[in-house]
Amino acid sequence: MRVTNTSISKYLRGEPETPSEKVLQAFSVALGISMIRLREAAGVWAREPEPFILPENANRLTTRQRELILHTIRVLLETNERSVHRPPAGP
């Protein structure tokens, strides 16, 4: 995993942005710190989420229905990511 010099420099100067999952993973490996601790320190989702598994009978969905579910999941994840990176509201 690679992290840009710009990202590292911001953290060293005390100007961190909310880190992406990629940056957190790289720091975890480089520093030997668990992802949970890094997420807590960064103020983002702190626990390891359980794997998302569809019910057994989901195999009866059509290809179009499966695509719709996957698209919905992508939209929700993008929404979560944007809300994490959104600056706090001003006074």
Side-chain angles (χ1 to χ4, degrees):
M1 283 175 218
R2 303 189 93 182
V3 178
T4 65
N5 289 342
T6 304
S7 292
I8 294 170
S9 294
K10 285 181 180 181
Y11 283 90
L12 292 175
R13 289 192 311 266
E15 304 172 5
E17 299 172 348
T18 302
S20 68
E21 192 70 6
K22 176 185 146 191
V23 169
L24 287 174
Q25 288 172 351
F27 284 166
S28 174
V29 170
L31 302 173
I33 299 173
S34 75
M35 288 293 290
I36 293 170
R37 288 190 59 207
L38 284 174
R39 286 186 186 116
E40 287 173 348
V44 295
W45 184 269
R47 68 177 182 86
E48 286 291 338
E50 296 177 15
F52 180 75
I53 301 170
L54 294 172
E56 269 187 47
N57 59 352
N59 63 347
R60 297 192 313 235
L61 296 172
T62 66
T63 300
R64 179 68 184 129
Q65 290 168 328
R66 292 174 189 205
E67 290 171 356
L68 179 61
I69 289 170
L70 292 175
H71 175 74
T72 302
I73 291 169
R74 282 191 294 273
V75 169
L76 292 170
L77 290 170
E78 289 170 5
T79 301
N80 289 351
E81 187 70 19
R82 280 194 301 273
S83 70
V84 166
H85 293 291
R86 183 175 297 132

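Both backbone and side-chain heavy atoms feed into the values below; hydrogens, waters and symmetry mates do not. Here the structure is a predicted model, which is why all the values come from computation and not from measurement.
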Using every non-hydrogen atom in the two residues, find where Arg66 and Arg60 come nearest and quote the distance to one decimal. NH2-N, 4.3 Å

Okay, side chain of Arg39, backbone of Ser34: is any donor-acceptor separation there less than 3.5 Å? no

Is it true that, when you exclude Asn5 itself, more than 12 heavy atoms of the residues, nucleotides or ligands shown sit nearer than 6.0 Å to its CG? no

Same cluster or not: Leu77 versus Phe52, using hydrophobic residues (I, L, V, M, F, W, Y) connected whenever any side-chain heavy atoms lie under 4.5 Å apart? yes

Please name the pair of heavy atoms, one in Ser28 and one in Met35, separated by the smallest distance, quoted to 0.1 Å. CB-SD, 3.6 Å

As an exercise, state the distance from CD1 of Ile73 to CG of Leu68, rounded to the nearest 0.5 Å. 10.0 Å

Grab the two heavy atoms, one from Glu56 and one from Asn59, that are nearest each other, plus how far apart they are. O-OD1, 3.2 Å

Euclidean distance, Glu67 CD relative to Leu61 CG, rounded to 0.5 Å: 11.5 Å

Kindly work out whether a path of hydrophobic side-chain contacts (I/L/V/M/F/W/Y, heavy atoms less than 4.5 Å apart) joins Ile33 to Phe27. yes

Taking Thr72 as the fixed residue, which of Ile69, Val75, Leu76 is the one that meets the side-chain contact (heavy atoms from CB on, under 4.5 Å) rule? Leu76

Rounded to the nearest 0.5 Å, what separation is found between the CG atom of Leu24 and the CD1 atom of Ile36? 12.0 Å

